[in-house]
Amino acid sequence: MKEQLHALLQQSLASLVVDGVLSEVPDNIRIDHSKDKTQGDFASNIALVLSKQAKCAPKVLAEKIVANLADSTEIEKTEIAGPGFINFFMSQGSNSSVIDQIIDQSNEYGMSDFGVNQRVLLEFVSANPTGPLHVGHGRGAAYGATVANLLRAIGFEVDNEYYVNDAGRQMDILATSVYLRYIETDKFPDNGYKGSYIFDIAKQVNGIEKFDIFDGVSADEKDGGDKEKHIDDLIANCKVLLGDDYKTIFDLAIDGILSGIKTDLAEFGVDYKQWFSEQSLVDSGLSKTTVEALQASGHIYEQDGALWFKTTDFGDDLDRVVVRDNGMHTYFASDIAYHLEKFERGYDKIINIWGADHHGYIARVKASVTALGNDADKLEILLVQFANLYRGGEKVAMSTRSGSFVTLEELRNEVGNDAARFFYVLRKSEQHMDFDLDLAKSKTNENPVFYIQYAHARICSVLKQNTGDSSAVDLTLLNNEAETALIKQLNRYKDVLQSSALNYEPHVLAYYLRELAGDFHSYYNSSEFLVEDATLKNSRLQLISAVKQVISNGLGLLGVSAPDSM
RNA sequence: GCGCUCGUAGCUCAGCUGGAUAGAGUGUUGGCCUCCGAAGCCAAAGGUCAUGAGUUCGAAUCUCAUCGGGCGCACCA
C-alpha cells in the first residue's frame, strides 16, 4: 500500500518535472504513517522538502503534486495540511486488507526479502572463558540474538559467532587458580580467579600430584610485592612442576567454563553457528603471517624491542604494539588476524557487538582492516552499554575481580527468560539501562512483558469460546474507532520490523508490540466480540486473530514466548 | 588533560537521517466488573527537551561552547 503511494507520488513529481515546475525527482521520497488519525493514514513532507527547488511556497507545490496524482481506488481522499504536508486517507478496504494478508501468511507475516543474497557475520558476547557469564554479558547476548532474528526476518543470511579468547595469559591465570584450589592451599594470589566456580572445576581434578608452587616466587601485592610478577612466577612454576599435567588442568578449566557458557546461552535462546578459537589463529600461523603482511606493506616499525603497527596513519590516536619485546603477540595481533580471516570468508557485512567500554578499540581494528586492503565500511561495530541491576530500589553492587557478580543464569532463574530477553532489548543498546529485578519479576500491569503476553492470551481465550460457522466475514464492518486504530497499527508492522532490523534497534519492535497490545486492550474493553450477528462476530474475530498473529511473530523475534494462557 | 557517549514529566525511558499541539509506562488523583480473562480499560494532573549561542521557512533532533554523569586513553586480555 505504501509502495503504491510511493509510485503515485513519483509519477506526479515526474510530470511536474516535464512541466518545468521541478528540476528533478528526488530518490528519497518519504511517506510516514500518520501519528494522528485526523491526519489520515499516511503523510508525506515532500512538498516541504522540494519547495526550495520549485521556488514556490510548500502549500502551492503540494496542491500541484496532488493535482497530478493519478486516480486510485485505494485512496479515499487527500488533504494538504499544516505547512504543506500531504495527508492520504486510504479507503477502508485498502486498510483492512492487511488482516487477510496476516491470516494467510501467518508465521511468515512481516518477513521480506530486503536483504536477500546478502550474508552477514554477527559476532557477539565473546566473553573471556574465565568464568560464567554475568548480567552485563546477558544484555549483549539478548541484543545480538535479537538483531540476528530481525535481520533474518528481512531476508539476510546471518551467521552468529562467538570468539573464544582461549589463548594468552588470562587462561594461564585461570588454570593456575584451579590448581591452587585443587591443592587446597590457604595462600591465594591477589590476581587469581577467586569465584566459587573455580572450586567446582578443581573438584573434577584427580590423580595429579600436589606441588608447592609458591616455592621461590616473588612477593604478592599484599606482601608488598608486584601482583603481576607474583602470578607470572606461579604460572611458570606450575608449568615446570606439572609438565604434561598442566595441559590437563588447563583444558579441564577452559572446557568446564566454556561448556557452562554454551549451556547458559542455549537456554537463553541464543544460538551460535560457530565458536571461533583464538588459539586456532596461533596454531594455523595466521597471527604470524598477518603481522608479516603488515610488515611487508610497511605499516610496522620497531621501537624499544617491540613491533608497532602505525595505526595513526589510519586515524587512530596512538600507534599500537602487535609484538611485545618478549616476542609474544598481543591480543590486538590476534584480533587483526581474526578480522582478516572474517573478511576472507566473503561476507557482505561483518558486525561486531562489543561492550561500550571497548569503544577505544574501534579505530585500531578498522585501521588494521584498511591496512590489509579491505573495506572498513563493511565492518560495523555496535556498542552495548552496561546494565545496572536494582533490587528493592537499591543498586546491586557488582565487581568482577572479587567474584561478587550476578550471573546470567541467576538472573534467568530469578526473572525468567522471557522477562530477561524483553527487558534487555527494551532500551536502546548504547543507552545505559537500569534493570529493575522486582519489576521484571512482577506479574502485574507494571510489567510490559506480561502486558503483551496477556493480550495474546486474552485473544486465545476469546477464540476458544467461539462456536458456530465462521465463514461469513465482511471486513468493511470493522469501522468503529477502536477497530480503525487497531487496523492502522497492524498496517505499520512491516515497516516497524524493517526499520528495527536495518537500524539494529530491537527496542523499536518492543515498543510497537506494547502499543499494539494497548490498542487491543482498549478494543477489548470497548467492543464485544462474541455478538449475535455472525458476520460481525466473524469479522471481529478475524481482526483479533490477526493481532494475535502479529504479537506472536513479533515476540518470537524478540525471543519471548506468546502463551495461550497464563 | 585528550577522545567517545549520554543529559526529555517525580521515576524509568521513547522520539533524534530537521517538520504539524513533545509521547509512553510507572507513580499521584478520580472513575469502570449482572458482560468474551480487572495481569485490563477510561479520565485528570504533571515539561525552561541540562544551559547559552548559531544554521534554517521550521531545531528535542544539525553545529559550536559551557555545565553535569558514564566510559576509554598498557609492550592486559
Side-chain angles (χ1 to χ4, degrees), chain A residues 28 30 32 34-36 38-39 43 45 48-49 51-52 57-58 81-85 87 127-128 130 165 167-171 173 191 228 278 303-308 316-318 320-332 334-335 355-363 383 385-386 388 390 393 426-428 430-436 439 442-455 457-466 482 499 503 505 507-508 510-512 514-515 517-518 520-531 537 540-541 544 565-566:
Chain A
N28 57 335
R30 264 186 67 175
D32 295 313
S34 304
K35 42 187 164 186
D36 192 304
T38 62
Q39 295 168 4
N45 67 347
L48 292 147
V49 174
S51 70
K52 194 169 280 179
F85 291 97
N87 292 334
N128 286 351
T130 53
N165 296 115
R169 181 162 165 271
Q170 294 304 318
M171 300 313 302
I173 295 177
N191 238 5
E228 303 293 347
E278 179 189 358
Q303 186 181 307
D304 303 329
L307 294 184
W308 297 69
D316 197 6
D317 299 333
L318 297 164
R320 310 292 172 178
V321 169
V322 286
V323 181
R324 297 203 265 157
D325 59 5
N326 64 6
M328 299 281 286
H329 283 71
T330 59
Y331 172 86
F332 179 43
S334 303
D335 231 15
D357 53 331
H358 286 73
H359 67 74
Y361 287 79
I362 296 175
L383 299 176
Q385 278 288 359
F386 294 126
N388 291 315
Y390 283 80
L426 189 55
R427 301 289 174 242
K428 255 172 100 159
E430 67 262 36
Q431 189 82 268
H432 297 265
M433 76 178 284
D434 289 340
F435 195 123
D436 187 332
L439 179 58
S442 76
K443 304 201 170 188
T444 70
N445 53 357
E446 299 170 10
N447 189 330
V449 189
F450 284 87
Y451 183 85
I452 298 167
Q453 289 180 324
Y454 179 48
R458 245 183 169 180
I459 294 170
C460 291
S461 173
V462 172
L463 294 175
K464 213 182 307 173
Q465 291 167 61
N466 177 43
S499 101
N503 296 311
E505 291 182 334
H507 74 278
V508 170
Y511 271 84
Y512 167 81
R514 216 227 166 254
E515 281 179 44
F520 166 74
H521 286 309
S522 294
Y523 183 33
Y524 184 94
N525 279 275
S526 70
S527 311
E528 199 180 342
F529 307 142
L530 300 172
V531 290
K537 178 186 76 176
R540 287 183 169 171
L541 294 181
I544 65 171
S565 66
M566 23 195 317

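Reminder, nothing fancy here: chain letters follow the sequence lines and each chain counts from 1.
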How many Å lie between [atom1] on [X] and [atom2] on [N], as a whole number?
X        : N      : atom1 : atom2 : answer
A/Asp357 : B/rC4  : CG    : P     : 17 Å
A/Leu318 : B/rG72 : CG    : C1'   : 12 Å
A/Asn388 : B/rG69 : CG    : P     : 16 Å
A/Ile452 : B/rA24 : CD1   : P     : 16 Å
A/Arg169 : B/rC75 : CZ    : C1'   : 12 Å
A/His521 : B/rC32 : NE2   : C1'   : 16 Å
A/His329 : B/rC75 : NE2   : P     : 16 Å
A/Tyr512 : B/rG25 : OH    : P     : 17 Å

Quick one: salt bridge (charged side-chain N to carboxylate O under 4.0 Å, His left out) partners of A/Asp325, sequence neighbours excluded?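 Result, salt bridge (charged side-chain N to carboxylate O under 4.0 Å, His left out) vs A/Asp325: none returned.
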Please test A/Leu439 against A/Tyr390 for side chain to side chain contact (heavy atoms under 4.5 Å, CB included), starting from the C-alpha separation and ending with a verdict. CA-CA 9 Å; A/Leu439 179 58; A/Tyr390 283 80; over 6 Å; no
Side-chain N or O of A/His359 versus OP1/OP2 of B/rG70: is the shortest distance under 4.0 Å?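 Checking B/rG70 against A/His359, no side-chain N or O comes under 4.0 Å of OP1 or OP2.
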Quick one: label [X] by what it contacts on the DNA or RNA (base, sugar-phosphate, nothing), any heavy atom closer than 4.0 Å.
X        : result
A/Ser565 : base
A/Leu307 : nothing
A/Asp36  : base
A/Ala43  : base
A/Asp317 : nothing
A/Asp304 : base
A/Ala457 : base

For [N] versus [M], give the span between their [atom1] atoms, rounded off to a whole number of Å.
N      : M      : atom1 : result
B/rG7  : B/rU61 : P     : 11 Å
B/rC42 : B/rU51 : P     : 33 Å
B/rC6  : B/rG15 : P     : 12 Å
B/rG23 : B/rC49 : P     : 14 Å
B/rC35 : B/rU17 : C1'   : 49 Å
B/rU63 : B/rG40 : C1'   : 47 Å
B/rG18 : B/rU12 : C1'   : 27 Å
B/rG27 : B/rC64 : P     : 41 Å

Would you please classify the geometry between the A/Phe529 ring and the A/Tyr524 ring as parallel, tilted or perpendicular, with 30° and 60° separating the classes?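 Ring orientation, 0 to 90° scale: perpendicular.
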Between the protein and nucleotides 34-36 of chain B, are there any N/O to N/O pairs under 3.5 Å, and if so, what are the atom names and distances?
residue, atom, partner, partner atom, Å
B/rC36, O3', A/Gln465, OE1, 3.1
B/rC36, O3', A/Gln465, NE2, 3.2
B/rC36, O2', A/Gln465, OE1, 3.3
B/rC36, O2', A/Gln465, NE2, 3.1
B/rC36, O2, A/Phe529, N, 3.4
B/rC36, O2, A/Leu530, N, 3.2
B/rC36, N3, A/Phe529, N, 3.1
B/rC36, N4, A/Tyr524, O, 2.6
B/rC36, N4, A/Ser527, O, 2.4

Enumerate the protein-to-nucleotides 5-13 of chain B contacts in which both atoms are nitrogen or oxygen and the separation is below 3.5 Å.
residue, atom, partner, partner atom, Å
B/rU12, O2', A/Arg427, NH2, 2.9
B/rC13, OP1, A/Asp434, N, 3.1
B/rC13, O5', A/Arg427, NE, 3.4
B/rC13, O2', A/Arg427, NH1, 2.8
B/rC13, O2', A/Tyr511, OH, 2.4

Heavy atoms, side chains only, cut-off 4.5 Å: are [X] and [Y] in contact?
X        : Y        : value
A/Glu430 : A/His359 : no
A/Gln385 : A/Met433 : no
A/Met566 : A/Phe450 : yes
A/Asn165 : A/Gln170 : no
A/Tyr511 : A/Leu426 : yes

Taking for each residue the nucleotide of RNA chain B with the nearest heavy atom, is it A/Pro83 or A/Pro58 whose nucleotide lies nearer the 5' end?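 Counting from the 5' end, the first nearest nucleotide belongs to A/Pro83.
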Taking for each residue the nucleotide of RNA chain B bearing the nearest heavy atom, is the 5' side occupied by A/Met328 or by A/Ala81?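 Between the two, 5'-proximity favours A/Ala81.
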Any N/O pairs under 3.5 Å between the protein and nucleotides 61-63 of chain B? List them or say none.
none

Side chain of A/Met566 only, heavy atoms from C-beta on: which candidate in B/rA39, B/rC4, B/rG19 is closest?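 Among the listed nucleotides, the one closest to the side chain of A/Met566 is B/rA39.
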Nearest to the side chain of A/Tyr451, heavy atoms from C-beta on, is which of B/rG15, B/rU21, B/rC41?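 Closest of the options to the side chain of A/Tyr451: B/rC41.
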Which residues pass the side chain to side chain donor-acceptor pair (under 3.5 Å) test with A/His329, sequence neighbours left out?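 Expected list: none.
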Decide yes or no, distance alone: a donor-acceptor N/O pair under 3.5 angstrom between the base of B/rA20 and the side-chain of A/Asp32.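 Looking at the base of B/rA20, it does not pair with any donor or acceptor on the side chain of A/Asp32 (distance under 3.5 Å).
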When you measure only distances, ignoring hydrogens and angles, does the side chain of A/His358 come within 3.5 Å of the base of B/rG72 through a donor and an acceptor?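 Between B/rG72 and A/His358, which were checked side chain against base, a qualifying N/O pair under 3.5 Å is absent.
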Whether the side chain of [X] engages the backbone of [Y] through a donor-acceptor N/O pair (distance < 3.5 Å, no angle test) should be reported.
X        : Y        : result
A/Asn503 : A/Ser499 : yes
A/His521 : A/Tyr451 : yes
A/Asp304 : A/Ala306 : no
A/Arg427 : A/His432 : no

Anti or syn, where syn is a glycosidic angle within 90° of 0; which label fits B/rC33?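 Syn.
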Does the side chain to side chain contact (heavy atoms under 4.5 Å, CB included) test come out yes or no for A/Leu383 and A/Asp357, once each step is laid out? CA-CA 8 Å; A/Leu383 299 176; A/Asp357 53 331; over 6 Å; no
Consider only side-chain N and O atoms of A/Glu278 and A/Ser334, and report whether a donor and an acceptor are under 3.5 Å apart.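 A donor-acceptor contact under 3.5 Å links the two side chains.
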Can you tell me which stems RNA chain B forms, taking runs of 3 or more consecutive Watson-Crick or G-U pairs with both distances under 3.5 Å?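 Stem list for RNA chain B: B:1-7 with B:67-73, B:10-13 with B:23-26, B:28-32 with B:40-44, B:50-54 with B:62-66.
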Are B/rG37 and A/Tyr454 stacked, with the base six-membered ring and the side-chain ring centres under 5.5 Å apart and planes under 30°?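 No; by the centre-distance and plane-angle rule, A/Tyr454 does not count as stacking on B/rG37.
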Kindly give the heavy-atom pair with the smallest separation between A/Ile452 and A/Ala517, and that separation in Å.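 Heavy atoms only, the tightest pair is CA-CB, 3.9 Å.
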